[in-house]
Each structure stands twice: as C-alpha cells, then as structure tokens.
There are 6 protein chains.
Amino acid sequence: MANNFKPISGREFPRFSAIKTFFRLPIADIQHDFDVALFGVPYDGGVSYRPGARFAPTLVREVSSLGRGFHMTRAVSVFDQIRCADVGDCPIVPIDQVQTYEKIESFVSQIAQGGKRFISVGGDHSTTLPVLRALKKKYQQPLNFIHFDAHLDTYPAAWGCEYHHGAFARHAVEEGLVNPKTMLQIGIRGPLASGDDLDFVQKHGIIVKTVDDVREGSLTDFIKTLPKFTGPTYLSFDIDCLDPAYAPGTGTPVPGGLTTYETQRILRALQIDQLVGADIVEVCPPFDSSQITGLAAVDTMFELMCLMAGGRKA
Amino acid sequence: MANNFKPISGREFPRFSAIKTFFRLPIADIQHDFDVALFGVPYDGGVSYRPGARFAPTLVREVSSLGRGFHMTRAVSVFDQIRCADVGDCPIVPIDQVQTYEKIESFVSQIAQGGKRFISVGGDHSTTLPVLRALKKKYQQPLNFIHFDAHLDTYPAAWGCEYHHGAFARHAVEEGLVNPKTMLQIGIRGPLASGDDLDFVQKHGIIVKTVDDVREGSLTDFIKTLPKFTGPTYLSFDIDCLDPAYAPGTGTPVPGGLTTYETQRILRALQIDQLVGADIVEVCPPFDSSQITGLAAVDTMFELMCLMAGGRKA
Amino acid sequence: MANNFKPISGREFPRFSAIKTFFRLPIADIQHDFDVALFGVPYDGGVSYRPGARFAPTLVREVSSLGRGFHMTRAVSVFDQIRCADVGDCPIVPIDQVQTYEKIESFVSQIAQGGKRFISVGGDHSTTLPVLRALKKKYQQPLNFIHFDAHLDTYPAAWGCEYHHGAFARHAVEEGLVNPKTMLQIGIRGPLASGDDLDFVQKHGIIVKTVDDVREGSLTDFIKTLPKFTGPTYLSFDIDCLDPAYAPGTGTPVPGGLTTYETQRILRALQIDQLVGADIVEVCPPFDSSQITGLAAVDTMFELMCLMAGGRKA
Amino acid sequence: MANNFKPISGREFPRFSAIKTFFRLPIADIQHDFDVALFGVPYDGGVSYRPGARFAPTLVREVSSLGRGFHMTRAVSVFDQIRCADVGDCPIVPIDQVQTYEKIESFVSQIAQGGKRFISVGGDHSTTLPVLRALKKKYQQPLNFIHFDAHLDTYPAAWGCEYHHGAFARHAVEEGLVNPKTMLQIGIRGPLASGDDLDFVQKHGIIVKTVDDVREGSLTDFIKTLPKFTGPTYLSFDIDCLDPAYAPGTGTPVPGGLTTYETQRILRALQIDQLVGADIVEVCPPFDSSQITGLAAVDTMFELMCLMAGGRKA
Amino acid sequence: MANNFKPISGREFPRFSAIKTFFRLPIADIQHDFDVALFGVPYDGGVSYRPGARFAPTLVREVSSLGRGFHMTRAVSVFDQIRCADVGDCPIVPIDQVQTYEKIESFVSQIAQGGKRFISVGGDHSTTLPVLRALKKKYQQPLNFIHFDAHLDTYPAAWGCEYHHGAFARHAVEEGLVNPKTMLQIGIRGPLASGDDLDFVQKHGIIVKTVDDVREGSLTDFIKTLPKFTGPTYLSFDIDCLDPAYAPGTGTPVPGGLTTYETQRILRALQIDQLVGADIVEVCPPFDSSQITGLAAVDTMFELMCLMAGGRKA
Amino acid sequence: MANNFKPISGREFPRFSAIKTFFRLPIADIQHDFDVALFGVPYDGGVSYRPGARFAPTLVREVSSLGRGFHMTRAVSVFDQIRCADVGDCPIVPIDQVQTYEKIESFVSQIAQGGKRFISVGGDHSTTLPVLRALKKKYQQPLNFIHFDAHLDTYPAAWGCEYHHGAFARHAVEEGLVNPKTMLQIGIRGPLASGDDLDFVQKHGIIVKTVDDVREGSLTDFIKTLPKFTGPTYLSFDIDCLDPAYAPGTGTPVPGGLTTYETQRILRALQIDQLVGADIVEVCPPFDSSQITGLAAVDTMFELMCLMAGGRKA
C-alpha cells in the first residue's frame, strides 16, 4: 500500500503557505490506517505560574512547517518509515480538570486501543497523568518512563489541589502507572522548595540525572550511562528541561538548564524497544517572542518520531 | 485625625522606585481604619480564550506608579477625600473555581461587613460573581449594576461549565444579586454567537448601550441619557469595552470599541449616590507589550476612586 | 439540504483548540458544493517596505477562532445564509511574480468559473491584480471596484518594475478590469511622493473619499454619500486604510487613518447587489505584536461575508 | 542655484535601503547653504519615569524612510520649497545636564545665528529649555510658543532638581524666553499631582487647550479658535499629547489623548508667520514595539516642515 | 526566637499573587532584627548606551516570585539559615549623580553600621562605587572584591565624566576601597576600545579571568584555580558577564559570554569567609522581552544569599 | 598619510548618538582611498520562509555603535591596521532577482576591480552568488570558500526557481566560482529534506564540519583540524550557523547550533592569507526582539575585519 502520509513538500509549496498541521502532514481521523497520531492537548489549567500553554499546539503546528524528515545522524527518512498524521486536538474543558482528565484518558485510549502510537503537544504537565492512565489500561502494566524536566514533579498538593503540574509524576508512581525502577528523570536542577522535595524520588529509587550529572564529563560519556528500556515506554519532554536561553517561552523556567544540542544527543542515544507514546509539554507561546521555544519543540517532536520509527510497534 | 493614606510623592521619590502598591499607597490590613480597599484578584481560570489576567494586579500596581491624585475636571484631590490602601491580593486557587469563589466571597464580605468600599483588579470576569454574592449578603437587596463590556456576559454554559467569564452577568441576575431594571451595560457590540444571545437582556429589561448608541450623536448628548443610580451600586469595568487599539492586552478583544476618552467622559458623568464596590477585569499582561492596557486600567481606577470620593459612604 | 458549513462551536470546543481554519469552518475542495470560498494568498514579493504579509493567512486563521456568526446590526446569522469553507492557500512562487500571477489567476478562475464567490487574505496588494484578471474573464466586463486604502495605488513603476503593490489599481484600470466610473477609494490620505500622483485618479474620474471626507461631518452623513453598486463588484480592503493605532501590523502604515468603527459602519452601509469577490491585504504579522491587526482583518472578513450573504449570488 | 537637498527617491532606491538620515535627505554641515537643519538631541537624563528617548533620533531617521514630500491638503511639495538637511546629532553628555544644556544652546545658536531654521528630534522635554535660550539670544525677545503636550510642564522641582522634563515650560516663562501671553498649550489633560499645578498657567495667562476643549464641538470649530502667531515662534511637540493608542512609545503616557488626525488638522490650521524652530520630543523607542510612535513623529516632522515652508524665513 | 523572615509559600498562595517583594520575603525597616537586607538601587544615569536598569528592582521583585529556598547542591535551606528582608529601594536622584552617590553611601552605611549584610539590585554599575565607599568606612580597610563582568570597568573618563558605569572599578582601586591584589574579575572579554584599556589591571595586578580562561579546560578544573577570600569581601555581579543569549536585557551586551550554568558553578565554588555585601547590576528590563535576564538575576541572588548563609557574619 | 578612517570615539560622543554607519566609520565613495568597503545588500527576495533581512543593514549599522576596535586575543587595533569605510547599500530591486543579481555583481566588481576588499551585510543568502561571480571575474580563478551555515545550501530548485537562498552554494560550485576542494562548510546540521541532499557535497568533496564534528572533542582540538587557505578566499557567514538561542532573528533557524563563542574561536583560528571579501547574511530584524542577532553579526563583522587586517591585501 502506498504511504500517503507524507508532508507537503517545501520545494513545491513554500513552507509559509497552507493550513497548518503538524509537520504539514495530512489531517486524519483516529480510525484511519496509519502508525503515529500527532495531536494537541490545549489545557493549561494546572499551572502554578504562567498560563498560555493552551496555545502551544497552534504555535507548534505553525513552526513545524520548518520541519524536515531526513535525520542526518540516523540517516533515516522518518516519514518513509512510519505513517504519521495530525488528528487534531484532544477535547478538554478549560475550567474543569476532572472533565478534562476524563476526556484525555478517553481520547488516548481510543488511539492506543486501536494499536497506534502517538506524540502529543501539551498543554501543561498535569495533562500527562490521564495519558498514563490510558496507557496503563492498554498495556496492563506500569510503563517505563523517561521524563525530561527541570523539576521532579513529585511535589505535594498545592492550594489544596492534588493535580497541579508539579505533582503528576508522584501520582503516576503512586497510581502504579509507571515503574519507578525504570523511571528516568533528566535535566533536573534546583532550587527546590525544601529538602523534603527529594524524599519521593529517593524512596522510590527513581533514576535522576541532574544537569550536573549530564555535564560531569563529556556528553559522549554521559549518554553511555543511560539505561536501556525494554517493554512499553512513555517519554514526556517538559520543554523547561532546556535552559531559558533555549526555551524562554515556558511557564516556570529555571536557569542552568540543558541546551537543545544536549537533548538532541540524549534523545538520539536512547535505546527504547517500544516507545508507545510521548508528549512535549509546557511550551508557553505568549512568552516565546521569537518562536525559538516552539522551534525547540518541533525539533524534539522530530527526534521522538525517529525514536518511534526505530523501535518495535505499539 | 491625620490622613496617612497618601501616595508616595513622585517629586520626592521617583515614580520608578519603591515596592509597587496600587497608586504607591500604603499597604494595610483589612481591619485598619480607612475608607477604600484596593486589592487584586489574580484568578483567570474562567476565560474562554487567552489566560494571563492573573498577572494584572502586578502590572497595574507597577503602572499605577504613574498615577496622580488631582482630577482636573472634578477639581478634586481624591486622596484628600478618601483614605485608600492596598490590602494585597485576595486568596484564590488557580485550578479550582469552587474554592476560588468561596475565598473571594469571604474576602469581600470581610471588607464590606467592615463598612469599607473597595476597588479590585481582576482576574477574569468570572470573579465578579462571588463579589456580588458577598455584597448581596451585606446589603440584603439586589444592587444597581453598571457594567462596561464589549460582551453581554449573559451567555449560556460552555463546555458543560456554568461559571465561565461570559456568563457571570446572567448568574448575577438569576441569583437576584443585581436588579436588572437598574442594570446598565455600556460598550456592547457584536458579533454574537447567535441571535438568542440577546434574549436574556431583552427579557429582563436590562439597559444596553451599544457603541452605536454611544456614537449616535455627540458624546455630550449621550451622557445625558444615562440613568441616575440611587442606593447600593456596583460597577464592573471589563477593559475590553475599550477598542483593541486602546486595550490590546485583554483576553477576548473585539474591534469597534470605545476610546479611553469616551469611558472617561462616561465615568465622569455617572451619578451614583452609593458606589459600594467596583472592579476592573480582563487586563491580560502577556498581550500588553507596551503596557497601555495596564495604563488604561490605572486611569479607570482613578476615575472609580473619584466616583467613590463624591458619593455617599458604604 | 443540510448546511454542514458551520464553524466549530466555541461553546463545545474552546476557541483556542483545533486545527486553525478561517472562522473554524470546514476545509473543502474548490469543487465541493458551497457558496463562498475563503483562502490565503501568501505572496509578499511586491512590497516596497516591510515584507511579512505571507504569514497573514496563518495569523488570520488563528485569530479568526474568535470570530462569531451573528451580526448584531443586521440581525443575521451569516453562516445560516451562506455556506463558507476554507479552501486552503492559493499556490504562489515567492521569488517569481510572473508565475505567481499566473497561479493566482488560475486559482481564482477555477473558483469563479465554478459559480462561487470568495474572500481571500493576502499577501500584499500586488496580488489583487491577477484576481481581477480572472474575474474580468468570468464576467466579461469591467467590475465595479470598492477599494479601502491609505494609498491610491495608482503610482508609476518603481525600480523598473511595473507590478509592485502601489501600482495595482492603475493596472486594473489600464487593463480594463475595473470601471473607473464605478470605482470608489476610501481612506486615502497623504503625503504623496509628488503632485503628479493625483493625476491618474482625476483623469479617470475615480471617486476618492479621503479621511477628511469621511470626517467632514458626522459618519451617518458620510455614509449617505456612498454610491450604490449594481452588477459584478469587487472589494479590496487594504488594512492600512486603518490608522496605525488600529492596524500597526502592516507594511506601509500612514498616520491619520480610519478607525475600525468607521470601516465597520461604512461596510455595513454599502449597497452592493452582486459582490463577487473580496480580499483583505497587507496584514503583516511580524509587526503585529498584539495581534490587533489580525483581529481587525477577522472583523472585516466577517463584514464581507455578511455583504455577500445579503446580495445576489455570483 | 539648483536645489540638491532632495530625498533619495523611493522609486529609484527602495525605502528600506541606504544609510538612514531624516527623510532620506543629504547629510550636511551646519555651515552649508540650505534652509532648515534637522538634527537629533539624544539626551534623556531629565525624565521622571521611562528613559530611552536617546534612541529616538535613530528610530525617527529609520522610519522617516517612509516619508514623502507632497502634502495632499496643502498641495505643496515641501522639498521644492525649502532646502532641508540632516546635520547629525547635537553633542550631549548623558550624565551631566549642565554640560548638555551648554552644548545644546551652543549648537542651536550656531544654526540660528547662521540664519537657519531647524527641527530637532529629542530627547526628553528638558532639552527644549536650552534651545529656547539660544533663540532668545538670537531674536532678543521672548518667542511665541506653541506647546503640544499631555502635561503642562510648569511643575515645581523634583528630587531637588529644577531641570527635569516636567518643568521646562515654567523655566521658559520665568527666564523670559517665551511670552506667556502668546503661549498656547494643546492636548493637556489630567490627572495632576495637585490643584496647585494649575496656578502657574493661570497666573501667567497661558492659553491652555485641553482635550475636552478640542472635542467640545467639531474639530473644524475648534481650529477656528486658535490664535495667529506673528513674529518669532517656536513649536514644541511632545509626542505624549497623543493618546497612548497612537503613541505607546513614550516616557509618561496619559490616556484620553489626541489622535494623530487631530494633531494633523491642528498643525495644518496653525497660522504662524515666522516659525523659527521646532522639536518633537519624548519618543521612547524601547516601548514602541510596532514603531507607530516613531511614525507619528515622522508625520509630525513633515507637517512642521510644511509650516516652515509656508511662512516667513528665520 | 522564631524566624519570621520566611517567604510566602508557593503552595499556599500561588506565586503570581501578592504584592511583589524580593523572594516574597517580608518588608522590613533597616532597623529591624534580621541578617541580610535586600534592596533596589534604581539609578541608571551612568550608562553609556541603553538606560532602563532603573526598572530592574521591579522586574527582579516580580520574577523572584519563582524563587525557592533549598539549594540542591549545598543541601541547605537558605531562609532557615539567614533572615532576609526586603527593605525597599535606596533613595536616588535620577538627574543628579552627586546626590545619588551621597544617598547610596548613606543608605548602605546605615545597613552596614547596623551589622547587617545586604544584596542590592541595581541600577547601572556606576552605583557600586558609593556602596564600596560606605563599606570602606565600616570595615576601615580595602575589601576583597569579586567582580563578574564582560567589561573591566577600569576605563577612563568619558564625555568629561569620571563616574560612568565603565569606570567604577578603577575608582574603587584608586580610592583604596578595594584591594587590587585580592580583586578577581570573571567573564571579561573583548573587544576593547584600545590596547591601553588593559594597562590598569596589569599595573595593579588584578586577577582577570577571561571567558577563554574559564573554558580553557573543564569547568571543574577552572574553579580549582579560584583564590580563597579571607576578610571582608564584596561581590558585584554585572549581568553582562553572561552571554546575550542568557541575558539579552542589559545595557551593553557582549557576545561570547558565560552561561548561567557556568556562573552558578563558579558562585558555588567560591570560598569567602566574610561576604559583607553584594550586588547584581545592569539588568535592563525594556530589552528583556521574555524576562530571562530578570530570572538569571533572581537565580544569582539566590546563590549570593547562599554564599552569605555559609560564611561568617558581617 | 594620516588614517582618517577611524570610528567616532564612544568616549567623546556617546554610542547612541550620531547618524548610524557601520562601526561609526566614515561614509565614503567606492573610489576613495581606503582598504575595506563595508556595505549592505538589502535584498531578501530569495528566502523560503521568513523575509525581513532587507532591514539587516539598518539594524547592524545601529548595533555596531557598540563595536570597539581592539581585539583582545590578537592584541591588535583593527582600525589602525586597515582603513574601513561605510559605502552605503548596494542597489537592488526587491521584486526582481535578475536585475538584483546584475546590480550586485556590478557593485562588487567596482569595489574589487579597484583593489579593495569588502564585508557586506545581507540580505538573504541568495545574494552571495552574484558576489562570487564578480570575484571570479576579478581573480580569474575559483576562490577558496569558507561557509558558516546550518544548511548546506546545495539544494535543488524550489517552486521552479533555481536561485533561492538554499541553492547558492550549489550554483557557486557548478558555475566554477569556488573550488569545492578548498571549500569548507561549518555548523551544518540536520534535519534535511531527504538523504539526496548530501549527494552534492559528497560528490564534490566539499569539507563539511557539522556541529557534531565541532563538539566531538575540545574546541581547541577542533580548530586544529581546520585547513589553511592560500590564495583568494571568500568567507560567507550565515547567522543561522548559530543556535536560535544566540541568533533568534533569522529566516530559517535550526536548533542544535553553534554558540557565538565557538564561532569566535573558529574565526580567530582561521589561517587565510588573502581574504578578499566576506559577508554576513540572513539576519532578520523583525524576529530579533532583543537585538542579540544583530549584535552577533556586529561581533562577527569585527572578527572578519581582523582577519582582513592580518592577511595579504586584495
């Protein structure tokens, strides 16, 4: 069967033209026959500082017009290997997190139950929890979890609310959605609110790679320390793992972060035999005046598609 | 008794210096002895498009450093007439509207029950409803209600949610918080979602002054058509009553709006014997690149203080 | 037959969500059965100062999410009256104006020959010429032409090039595409490069309404002076007819311009029995930091759809 | 003698090209033979809030590339009537107002004593005082003074400093540089710091036209109330006379201001037989994100050149 | 005694709420009993290019709402160890450097004589000189001086003015305020105005660490080369030591600078037994469109508090 | 003969003052007696995504006011060694690439034939081709070519057009203007449109240094791998070789790029005995909100002048 899930060519139609879909890919229904669903999750009700990530799917769709398909290091044309499509945005309710969680879980379940993998663009990080709930149901086991972030996101409730964007990783562990022993956090750095903030990851034996760890020796040395991931794996990329110089447009930026080159090298080095889903969250367009945060998200999305192209199917 | 509730003088300490409070006024507890409490309500969970109004109290505090106290038309020094203080921000819970409503109602009740009047800076327009609930309890009658806005805000529920920022005025009427017969809406303009959107105001006999009405003849003629307000009155100023040229930094801007000069003239002309509270809402700093929306809010706040200085006490 | 050409409801799916099409309308092929085609013409190679209008279709699609369908003054739900669809962007070649003109003419011809009307979002004003060429072929007569602009656009060649954005109106007359006797220019103002610049409009008897003319008396009086348009009519709205306060994001802004309220009132007053096509040009997103120019374009697009809803079919 | 003081033509060399001079005019030494010197005064040490006007000459030179020479209402090609040149920037010392005042006075004296008129671009309004001192020496009499501003600028010393930007007009009167009886202030509006702020203008009989005055009836009626100016006259245009919607990029903006159309109409109506100098001050580029304030300055500069073209020589 | 000098908790009151003080700490008078005074010095009259640092205290107060107190590397909760308070802004006179210097010296003397340490947020770098004068009086000896900067700031007078922001370090040495033998400059890079610019540091034996020095080997190796500081030490952090990618919002940026990670690592490695005061200067908010420069300042302020928490008291 | 080609001193006239020329150097005619001509090429008609580079010469002239002449590493005062002048902008025709190419070739020929070297500021990268054509005529041999870029620019025609900004390097090789064996590309990184994109450089044996190559070991090691260049050499610096964090203001940014420190070190290490010309292209001011891209261009321009100061004459 011919693969019709190819981007519009930038050499036929200029990249600034056409209705904006992720990577200029076709729009499709979830039921169609393809491999990887790309969608937006425009919910930012869970943030603790700057809202605005609800506009991230729109920004990333626009900037992804600059995306290309051939990975120079991997020597692979990703769109020849997997059929990707833009399935639009997941329904959400801006005022109501409970309803939003139900809608996200249901939307992702449809995709996953249909045997498809996916990459979503948040939204704030509180949206990852219902995604993991859907995947737990599908795979009937806790997932491996690769988590790029400046923050541990294992923090306690805030203002009496459990499900803010800094607590999702704790819930994911506590609900048994992910396996803390095969959970890797990269890009973590301080300051923290208090020393207690480290208790959770220590208690559960989560593998934490701080920026200091990444830069202790050469980058080549660092990536050799990364574990392999076997079985259903989810990857969540909070754009604030990047330094504010590389990703100013985010809700709770932290200085001293990673560069896009470092995250590229790490993403290229990851060995994951079954990457069933991934997300890029916390892109906040109102603070991204030169669109470079959106562009970093696009580049990460490309690396994620390549990771999916390489491994085993969902 | 000496009035110590005076702004820091811009001729002694430059306006760009000092910790930012509204109009460079003293910080005070609600219990202190003064007349008008100024506070922020940094909740924007009720918006339907752009969030960001949570940063409005901070922006307005900063820009209000440019504020001055003598009204040229009224020939009144407002801070000689009423003692105003910055009482900080009302507690809110960003993720949880129910809790937020309770906190706002409680906070406003404390102020109102203590015999003080107030002007708040939102926040989105969904925050006005709990304010009106508190005032209803205090005054034991529906209030007169003056409502500057591009939108009627009498719209139905959205996404299954009743309490979004476009429905508060409907709830205020339905809950008996305001008297529709002494309710005035100014700055209204289309387009609307559908013709039904007008049913509510027509059914309840709310006085609606569209931009067309304001500009039918001279401004001087228009302000003669405004009713007098006797008894407890609340004024809510949605910054989007202004044209986007005058207030770009707002969540749901509508072209064809009022100018700041028009709202100044209308505010100066209003006859209100007992203005018990007021708010300025929907200032959205992330979209206010030159701070002119914040400045329009400051100017409106000044006019509101003057309205309070002129009338009967709370 | 059911009208399926309705926007996604903002009360079901929040306005910031979904793939961005004009007014959240369905994407359709030109051949489908509907009334009015909306499309982008992302070519800005003809500008004399700031480029960037190539991004206007993307910006206008995004901001048109705020669009609504019921016209308060006309009391009409436009999407009940005409079936509108987003047909994507017209093909263009950024480096090559000759090819671009051919592609635009061909694209518009397909639409017009199929009996549809259309509204396009440019692009710079040089793109209007091939549109008029296509319409001339379709209607076999010079069209009536309503032209909102700060500039006459009847200027001579520049840098040896005939087809820059300030000369299209001259070519339209010289090629017999429009009838100068039923050609109306609104919003014109100086300064000009020289006194000769007025020769063309005077020689051809084009009706020129300057900003001074619009503001000589009341706006209500002014709109009474507007002629009626009978027969195939085209309307081209250069966003720079608006004052830079209302439309900062444009390529060659001119102070002293119209307000959005004035253009709304004029557009509502126009009597056109057969509006066969229209465009909105010269929106330049890189200079539209608060998106208010994009919003003015959206509002104008709505008024144009209403003008098409009211008149005779193509 | 041939007039070589013509702008580079935008039809030969695109307006975005070339080294930026005011209106693309030739650079000249003060001693050269021409009529009107254009220069910058990049001093902003006298401001009370936002600095940045030091960059105004650069911004205005850049944006003046959009300038044209034929005045549509006057039907005059200004560069045919007067020979204008860019003479660069007046020397100033950013830290030292005393030295700066000496340098400005000396620089302007050279121009004026050489029989030339001039238009300068500030800088903040404190720079106008030494200009007036130089002109007083040249003309040996107090000048007529036309002063566009939101502020009276007759305020007392601040922070122990007499010569801040809000006091220059008081000093100009007190030093006998201008004649208060033939001094006109336009665009004035409140709020003021206190009621005393009006004492100075009342005591000296300065003609004050507030925004309310301008808009009391029709603009046509208002301009009939303007006095004629006979003898040496200076015009100072503080860009903050304009509303923040029209001039966001200024140091101390005040809502409720004039539109560019209103200032155009007033400038066109002024009858001045001997306009010997003029300035445009308080353009603050760091807050002028869309360059519309710079553009308003360019437009005003054009009107001022036309005023000089019409009247008697220096 | 209970330590009441704790920040408002972000888990009780959202970080975007409340009147903005440094790190959400209490406002206190200088006389109160606490350890470290935080204040602003909003003077930018000494700059040679972009002004605007007068707004830095306001920006840093706002962004410091994101600050947290537990240092991950040091495993210390800084606010448990030292009691910090916001004492407001130091009085200054924007037009008058002489008066400003006196006011700064007096203000700092009060703090230092009272046995407190402090961290200030400038203002431009010319404000550091009077601070050092006050400290010299207090400690009766030249201080050790750690100076992060792109520039040597030992340059000669400019425009006849000695005390511009590029000369303060020279004056500090010449006035005997700091000991050049225990003076360390980090982040220095070219270009310079001339070769003579290096004479001063060479003659006085100041330790200069250029960016080349920092990056000659590994960062871990570099920090081993840093000297220990014994006795009263002052640290001045010019934000332009950072690369423009990390700190775009500054007055005289220089490419090829340090990263925030590098300055973090250096600040963490410094061994200072008695850090009596510190400043962060040259943050210029009007050029910090995404607030990342303000955020870098906040992060540095946190590291400085930790340095103070670790060492001997004032 | 005295060298009069010195910049205006920043210690005599503040850097924000004066008409803006490159590095505050004198304006000169091409025929004057000096060494290196600096000029702008404001053409951006060849871009595939964001236009706007036409404004780069203006931005770079403005920001170059911050430029200084003494190179700290080289210990050389560049303006003592070579006489540089601003010769204005090369004529171009915005709509017409054919004419533009002729004008650029002619302009550069005049400079080169007169025995001068030059550094230009584009414009987009399509403008380099006619420059190389002119140099081929002058030197009668293919040049050595050093090409900093994220992209190979050896791509095929797009939209039927050969001469877009991504194809110039291919044409330069195919036309025999440069010698592929002594052609070095630095900063290259993916993704590419397809694997075929690498065929050209492989077939021609062009030396390609990717970002991975630069960062494989230490920077000091990398620069040892750079070849020497003997004979006429041209250097083209596409600002997008830098990472978007360092150069957000460009037309087609690519994450994972070089830092300014890396390009400085590489430029300092290059051994070129006869650098006859150079350009800096693809600076796009409308996307450079904090001017850091312009500043990176200024810094690169300084390094290029130093490279010219060191080597053999044209």
Side-chain angles (χ1 to χ4, degrees), chain B residues 6-7 9-17 23 62-63 65-80 218-220 242-249 257-265 267-268 288-303 305-306, chain D residues 47-51 150-152 155-161 164 166-167 188-198 208 210-218 240 242-260 262 284-293:
Chain B
K6 292 290 180 69
S9 164
R11 288 174 189 159
E12 287 182 56
F13 298 96
R15 293 184 181 281
F16 47 82
S17 67
F23 280 78
E62 178 176 350
V63 181
S65 293
L66 277 172
R68 284 159 173 84
F70 181 80
H71 196 291
M72 240 176 117
T73 314
R74 296 179 186 272
V76 159
S77 270
V78 71
F79 301 117
D80 290 345
S218 75
L219 187 52
T220 302
L242 294 171
D243 191 272
Y246 291 82
L258 300 175
T259 68
T260 49
Y261 181 74
E262 287 170 331
T263 58
Q264 285 174 342
R265 287 286 303 277
L267 287 165
R268 289 169 193 168
D288 192 28
S289 56
S290 295
Q291 302 188 324
I292 66 172
T293 316
L295 189 64
V298 167
D299 195 64
T300 302
M301 205 169 181
F302 173 64
E303 296 290 348
M305 287 190 288
C306 290
Chain D
V47 298
S48 58
Y49 196 61
R50 294 176 185 151
H151 309 88
L152 296 163
Y155 306 124
W159 337 296
C161 296
H164 61 85
I188 302 300
R189 55 198 183 270
L192 302 175
S194 80
D196 302 346
D197 285 355
L198 287 165
V208 175
T210 64
V211 175
D212 281 335
D213 293 332
V214 174
R215 293 180 180 162
E216 198 176 23
S218 76
D240 70 19
L242 294 171
D243 191 89
Y246 291 82
T250 192
T252 44
V254 185
L258 299 175
T259 68
T260 48
E262 287 171 331
C284 187
F287 291 84
D288 192 28
S289 55
S290 294
Q291 303 189 325
I292 67 171
T293 316

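All chains are named by letter (A, B, ...) in the order of the sequence lines, taking the proteins before the strands, and each is independently numbered beginning at 1. Heavy atoms only: backbone and side chains are in, while hydrogens, waters and symmetry mates are out.
- The most heavy-atom pairs under 4.5 Å with chain B, out of D:G190, D:G249, D:A193, come from D:A193.
- For a residue to count as touching a neighbouring chain, one of its non-hydrogen atoms must lie under 4.5 Å from one of that chain's; by this rule B:Q264 touches chain D with the side chain only.
- Between D:I292 and D:A245 the shortest heavy-atom distance is CD1-O, 3.4 Å.
- Although no hydrogens or angles enter the test, the distance criterion places a donor-acceptor pair under 3.5 Å between the side chain of D:S194 and the main chain of D:D196.
- In this structure, the portion of B:R265 lying under 4.5 Å from any heavy atom of chain D is its side chain and not its backbone.
- Using a 4.5 Å cut-off between heavy atoms, D:V211 contacts chain B through both its backbone and its side chain.
- Side-chain atoms of B:T263 come within 3.5 Å of backbone atoms of B:T260 as a donor-acceptor pair (strictly under, hydrogens ignored).
- Heavy-atom distances place the backbone of B:F13, and not its side chain, under 4.5 Å from chain D.
- Of the two parts of D:S218, neither the backbone nor the side chain holds a non-hydrogen atom closer than 4.5 Å to a non-hydrogen atom of chain B.
- For chain B, the nearby part of D:R50 is the side chain; its heavy atoms alone come within less than 4.5 Å.
- The backbone N or O of D:T293 lies less than 3.5 Å from a partner atom in the side chain of D:D288, making a donor-acceptor pair.
- If you tally non-hydrogen atom pairs under 4.5 Å between each of D:G256, D:P255, D:S289, D:P156 and chain B, the highest count goes to D:P255.
- A distance of 5.0 Å separates OG of D:S48 from CH2 of D:W159, quoted to the nearest 0.5 Å.
- Heavy atoms only, all atoms of each residue included: B:S290 and D:P248 are closest at CB-CB, 3.7 Å.
- Nearest heavy atoms, B:E303 versus B:L267: CB-CD1, 3.9 Å.
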| query | So B:D80 and B:K6, salt bridge (Lys or Arg N to Asp or Glu O under 4.0 Å) or not? Walk me through it. | reply | CA-CA 8 Å; B:D80 290 345; B:K6 292 290 180 69; 3.1 Å; yes

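- Looking at B:S9, there are no atoms closer than 4.5 Å to chain D (heavy atoms on both sides), in backbone or side chain.
- In this structure, chain B has a heavy atom under 4.5 Å from the side chain of D:D243, while its backbone stays farther away.
- When heavy atoms are compared at a cutoff of 4.5 Å, B:S17 does not approach chain D at all.
- When each of B:E262, B:M72, B:R15, B:H71 is checked for heavy-atom pairs under 4.5 Å with chain D, B:M72 comes out on top.
- Heavy-atom pairs under 4.5 Å with chain D peak, among B:Y246, B:F302, B:F70, B:F16, at B:F70.
- Checked by atom type and distance alone, the side chain of D:D213 pairs as donor or acceptor with a backbone atom of D:T210 at under 3.5 Å.
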